[in-house]
Q: 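My structure is below; once you've seen it, I'll send some questions.
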Amino acid sequence: MASGKLDGFTPASQLTLMRYLQGLHEAEPPSSPNLQARYHTGRLPNGRHAGSKPRLMLMGQKRSGKSSISSVVFHKMPPSETLYLETTTAIQSRSLHSFMDFQVAELPGHLDYFNPEFDQASIFGDIGALIWVIDAQDEYLDAINQLNSTIIYLSTTYPAINIEIFVHKVDGLSEDYKNDTFRDIIQRVQDELSDAGYENPPVSFYQTSIYNHTIFEAISKVIQKLIPQLPALESLLNSLCSSCRIEKAFLFDIPSKIYVATDTSPTDTSSYEVCSDYIDVIVDLEEIYGWDRSVENGYPMEERDETGNGDSESLVTMEKKGHNYLYLKEINRYLALICLMGEDSPAEKKVLIDYNVGVFQEAIEKIFPRNDR
């Protein structure tokens, strides 16, 4: 690759990036409902307003684990401390500063949101994804009934909302019982929806626990569905992997350990766990040895905090883990690229990799420009 050019990218990747450079963010979505927008159209796929932030809504019965998920993933609370969280009694909504700011709301389990006293439009109108949490260690038949009622309501009123089902607290179950419970919940949900006339409903299922990486991986996949730029990010990561013989590449949101994109090669849990743990190490080191820079490149600190696009300290590491090399490059204040490479990508090629990653960084700044924020 060459800086300022796209020579190292495949033709498809060149087209993807050039469409961004030509201002595709101002384009309209395809006119035909049968065509899907593959590139950023300047609006979130499930928002009513062009400037809407990605918004998640956590729902489920009382004590199912909604507050614990929010606290562990987005507020870095140790899982052991979630035992002392109080029951949520009112609708809560928090805005989170990240690579692209998004909102996380939590709806208490005891509320009847179908009651006419509630304004359903204000609750569900701007939601990109609804995460329904089911406690796998508790009786879940009532939870499934409420879930199906909610799916039917949203399918007719707000069909653009993604329905994500977290079968939660599976860490306390044996492997066989965990899988049996997961299959049983999927079957019951699908059967009841089918009986109601909803064949192949657009819902996704995940097994999660706050005591391991499963909750972060599930949230990552949910967030990715709300990123209009995802096809371009995947294409750029594919080109980078091909050019540098990288086995797997992740683009991580540093504060939350959510990966916002990865290349299209199969993702295994162990690869994600290694990269996620490495992020923890880097964040700890940054807190010890990092420093605040009041003004940088003409942008005040408060503006860089808001956009996440200010220049960060350029951190590059390449460490050997077993038979693999682990490469990390900080893209900006919030994003970090982590790559796994095999024996055919030795440290001697680090200069070439650094150069290609530098071009990749320039492309990311084009995809997430300051003025889009």
Q: Output all residues satisfying ring-ring contact (aromatic ring centres under 6.0 Å, His included) with Y206, sequence neighbours left out; order by chain, then residue number.
A: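 Y206 satisfies ring-ring contact (aromatic ring centres under 6.0 Å, His included) with F166 once adjacent residues are dropped.
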
Q: Can you name the nearest heavy-atom pair linking Q361 to K329, along with the distance?
A: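 Answer, listing the atom of Q361 first, then K329: OE1-NZ, 3.0 Å.
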
Q: Is there a path from F205 to M59 through hydrophobic residues (I, L, V, M, F, W, Y) whose side chains come within less than 4.5 Å of each other?
A: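 Yes, F205 connects to M59 through the hydrophobic network.
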
Q: In terms of relative ring orientation, are H213 and Y272 parallel, tilted or perpendicular, with 30° and 60° separating the classes?
A: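 Perpendicular, since the angle between the ring planes exceeds 60°.
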
Q: Answer whether the closest heavy-atom distance between the side chains of T150 and I163 falls below 4.5 Å.
A: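 No - every pair of side-chain heavy atoms lies 4.5 Å or more apart.
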
Q: Hey, mind stepping through L326 and C275 against side-chain contact (heavy atoms from CB on, under 4.5 Å) and telling me if it holds?
A: CA-CA 8 Å; L326 198 60; C275 295; 4.2 Å; yes

Q: Once you round to the nearest 0.5 Å, how far does CG of L236 lie from NZ of K366?
A: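 With rounding to 0.5 Å, CG (L236) is 13.0 Å from NZ (K366).
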
Q: More than 12 non-hydrogen atoms from neighbouring residues, nucleotides or ligands closer than 6.0 Å to OH on Y177, yes or no?
A: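 No, not enclosed.
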
Q: Do the non-hydrogen side-chain atoms of T208 and V170 ever get within less than 4.5 Å of each other?
A: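 In short, these two side chains do not touch, never coming nearer than 4.5 Å.
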
Q: Do you know the tightest heavy-atom contact between D135 and S64?
A: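 That closest heavy-atom pairing would be CB-CA, 4.1 Å.
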
Q: Mind listing the closest non-hydrogen atom pair of K257 and S276 along with its distance?
A: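 Nearest heavy atoms, K257 then S276: CD-OG, 3.5 Å.
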
Q: Taking all non-hydrogen atoms of both residues, which atom of I152 and which atom of A196 are closest, and how far apart?
A: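 Nearest heavy atoms, I152 then A196: CD1-CB, 3.8 Å.
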
Q: Among residues at least two apart in sequence or on other chains, which ones pass salt bridge (Lys or Arg N to Asp or Glu O under 4.0 Å) with D180?
A: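 D180: salt bridge (Lys or Arg N to Asp or Glu O under 4.0 Å) contacts with R183.
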
Q: Taking all non-hydrogen atoms of both residues into account, name the closest pair between Q224 and L230 and its distance.
A: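 Scanning both residues completely, I find the closest heavy atoms to be O-CD2, 3.5 Å.
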
Q: Mark yes or no for whether E164, through its side chain, and A129, through its backbone, hold a donor-acceptor pair below 3.5 Å.
A: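 Side chain of E164 to backbone of A129, a donor-acceptor pair under 3.5 Å: no, none is there.
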
Q: Counting N and O atoms only, with roles assigned by atom type, does the side chain of S242 sit under 3.5 Å from a partner on the main chain of N238, one being a donor and the other an acceptor?
A: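 It does not hold such a pair.
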
Q: Which residues pass the side chain to side chain contact (heavy atoms under 4.5 Å, CB included) test with S256, not counting sequence neighbours?
A: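 Result, side chain to side chain contact (heavy atoms under 4.5 Å, CB included) vs S256: D253, I258.
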
Q: For P78, give me all partners under side chain to side chain contact (heavy atoms under 4.5 Å, CB included), at least two apart in sequence or on another chain.
A: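 For P78, the residues satisfying side chain to side chain contact (heavy atoms under 4.5 Å, CB included) (neighbours in sequence not counted) are S80, E81.
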
Q: Kindly indicate whether the side chain of L56, heavy atoms from C-beta on, has any atom under 4.5 Å from the side chain of I223.
A: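 A side-chain contact under 4.5 Å exists here.
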
Q: Quick check: does any side chain N or O of S235 sit under 3.5 Å from a backbone N or O of P231, one acting as donor and the other as acceptor?
A: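 The answer is no, because no donor-acceptor pair under 3.5 Å joins these two groups.
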
Q: Using the test salt bridge (Lys or Arg N to Asp or Glu O under 4.0 Å), find all partners of D138 that sit at least two apart in sequence or belong to another chain.
A: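 Partners of D138 under the salt bridge (Lys or Arg N to Asp or Glu O under 4.0 Å) test: none.
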
Q: Please assess L130 against Y158 for the test side-chain contact (heavy atoms from CB on, under 4.5 Å), listing each intermediate value before the final yes or no.
A: CA-CA 11 Å; L130 185 149; Y158 300 100; over 6 Å; no

Q: Determine, step by step, whether I353 and L240 satisfy the side-chain contact (heavy atoms from CB on, under 4.5 Å) criterion, reporting the C-alpha distance in whole Å, the side-chain angles of both residues, the deciding distance to 0.1 Å, and the verdict.
A: CA-CA 9 Å; I353 295 172; L240 181 64; over 6 Å; no

Q: Testing I161, I127, N162 for side chain to side chain contact (heavy atoms under 4.5 Å, CB included) with L154, which one passes?
A: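 With L154 as partner, side chain to side chain contact (heavy atoms under 4.5 Å, CB included) holds for just one option, I161.
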
Q: Please enumerate all residues that pass ring-ring contact (aromatic ring centres under 6.0 Å, His included) together with Y140, with sequence neighbours excluded.
A: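 Once residues adjacent in sequence are excluded, Y140 has no partner under the ring-ring contact (aromatic ring centres under 6.0 Å, His included) criterion.
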
Q: With respect to L147, which candidate in D142, I134, L193, I185 satisfies the side chain to side chain contact (heavy atoms under 4.5 Å, CB included) definition?
A: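 Considering D142, I134, L193, I185, a side chain to side chain contact (heavy atoms under 4.5 Å, CB included) with L147 is found only for I134.
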
Q: Roughly how far apart are F252 CZ and L335 CG, rounded to 0.5 Å?
A: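 If we round to the nearest 0.5 Å, F252:CZ and L335:CG are 11.5 Å apart.
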
Q: Are M77 and Y84 connected into the same hydrophobic cluster when the rule is that any two of I, L, V, M, F, W, Y join if their side-chain heavy atoms are below 4.5 Å apart?
A: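 Not linked; separate clusters.
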
Q: Is a side-chain N or O of E139 found less than 3.5 angstrom from the main chain of L141, in a donor-acceptor match?
A: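 Yes; at least one donor-acceptor contact below 3.5 Å.
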
Q: List for me each residue that meets side-chain hydrogen bond (donor to acceptor under 3.5 Å, both in side chains) alongside N179, sequence neighbours excluded, and say none if there are none.
A: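 N179 satisfies side-chain hydrogen bond (donor to acceptor under 3.5 Å, both in side chains) with no other residue.
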
Q: Not counting sequence neighbours, which residues clear side chain to side chain contact (heavy atoms under 4.5 Å, CB included) with S194? List them please.
A: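 S194 satisfies side chain to side chain contact (heavy atoms under 4.5 Å, CB included) with E199 once adjacent residues are dropped.
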
Q: Partners of T157 by side-chain hydrogen bond (donor to acceptor under 3.5 Å, both in side chains), sequence neighbours excluded?
A: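 Residues passing side-chain hydrogen bond (donor to acceptor under 3.5 Å, both in side chains) with T157: none at all.
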
Q: Just verifying a value: how many Å separate Q190 CD and I144 CD1, rounded to the nearest 0.5 Å?
A: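 Nearest 0.5 Å value for the CD-CD1 distance: 11.0 Å.
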
Q: Any donor-acceptor pair under 3.5 Å linking the side-chain atoms of K225 with those of S204?
A: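 Per modelled atom types, S204 and K225 side chains form a pair under 3.5 Å.
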
Q: Side chains of V203 and W132, heavy atoms from C-beta outward: is any pair under 4.5 Å?
A: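 No, their side chains stay 4.5 Å or more apart.
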
Q: Establish whether L85 and F74 are linked, either directly or via other cluster members, by ILVMFWY side-chain heavy-atom contacts under 4.5 Å.
A: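 Result: no, two separate clusters.
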
Q: Can you check side-chain contact (heavy atoms from CB on, under 4.5 Å) on V104 and V73, steps first, answer last?
A: CA-CA 11 Å; V104 179; V73 175; over 6 Å; no

Q: Ignoring hydrogens and angles, state whether a donor on the side chain of K178 or Q207 is under 3.5 Å from an acceptor on the partner side chain.
A: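 On atom types as modelled, these side chains do not qualify, holding no pair under 3.5 Å.
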
Q: With a 4.5 Å limit on heavy-atom distance, are the side chains of Y259 and I338 in contact?
A: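 They are not in contact (no side-chain heavy atoms under 4.5 Å apart), so the answer is no.
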
Q: Tell me, please, which residues at least two apart from N212 pass side chain to side chain contact (heavy atoms under 4.5 Å, CB included).
A: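 Testing N212 for side chain to side chain contact (heavy atoms under 4.5 Å, CB included), a comparison that skips the adjacent residues, returns S209, T214.
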
Q: Rounded to the nearest 0.5 Å, what separation is found between the CG atom of N356 and the OG atom of S243?
A: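 Atom-to-atom, N356:CG and S243:OG are 5.5 Å apart.
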
Q: Under 4.5 Å between any side-chain heavy atoms of Y198 and T156, yes or no?
A: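 Y198 reaches T156 side chain to side chain.
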
Q: Using side-chain heavy atoms (C-beta onward) and a distance below 4.5 Å, is L251 in contact with F360?
A: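 Side chain of L251 against side chain of F360, heavy atoms only: contact under 4.5 Å found.
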
Q: Spell out, yes or no, whether F182 and L173 are grouped together once hydrophobic residues are joined by side-chain heavy atoms under 4.5 Å, including indirect joins.
A: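 Hydrophobic grouping puts F182 apart from L173.
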
Q: Under the rule for side-chain hydrogen bond (donor to acceptor under 3.5 Å, both in side chains), what residues qualify as partners of K248, not counting sequence neighbours?
A: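 Applying side-chain hydrogen bond (donor to acceptor under 3.5 Å, both in side chains) to K248 gives T262, S265, T267.
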
Q: To the nearest 0.5 Å, what is the distance between CD1 (I364) and CG (N332)?
A: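 The CD1 atom of I364 sits 8.5 Å away from the CG atom of N332.
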
Q: Given D176 and S174, is the side chain to side chain donor-acceptor pair (under 3.5 Å) satisfied, shown in steps?
A: CA-CA 6 Å; D176 290 340; S174 66; 6.0 Å; no

Q: Which heavy atom of T82 sits nearest a heavy atom of S68, and at what distance?
A: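 Minimum heavy-atom contact is CB-OG, 3.4 Å.
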
Q: Who passes salt bridge (Lys or Arg N to Asp or Glu O under 4.0 Å) against K66, sequence neighbours left out?
A: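 By the salt bridge (Lys or Arg N to Asp or Glu O under 4.0 Å) rule, K66 matches no residue at all.
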
Q: Would you say the side chain of L58 lies within less than 4.5 Å of the side chain of S67, judging by non-hydrogen atoms?
A: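 Side-chain contact under 4.5 Å: no.
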
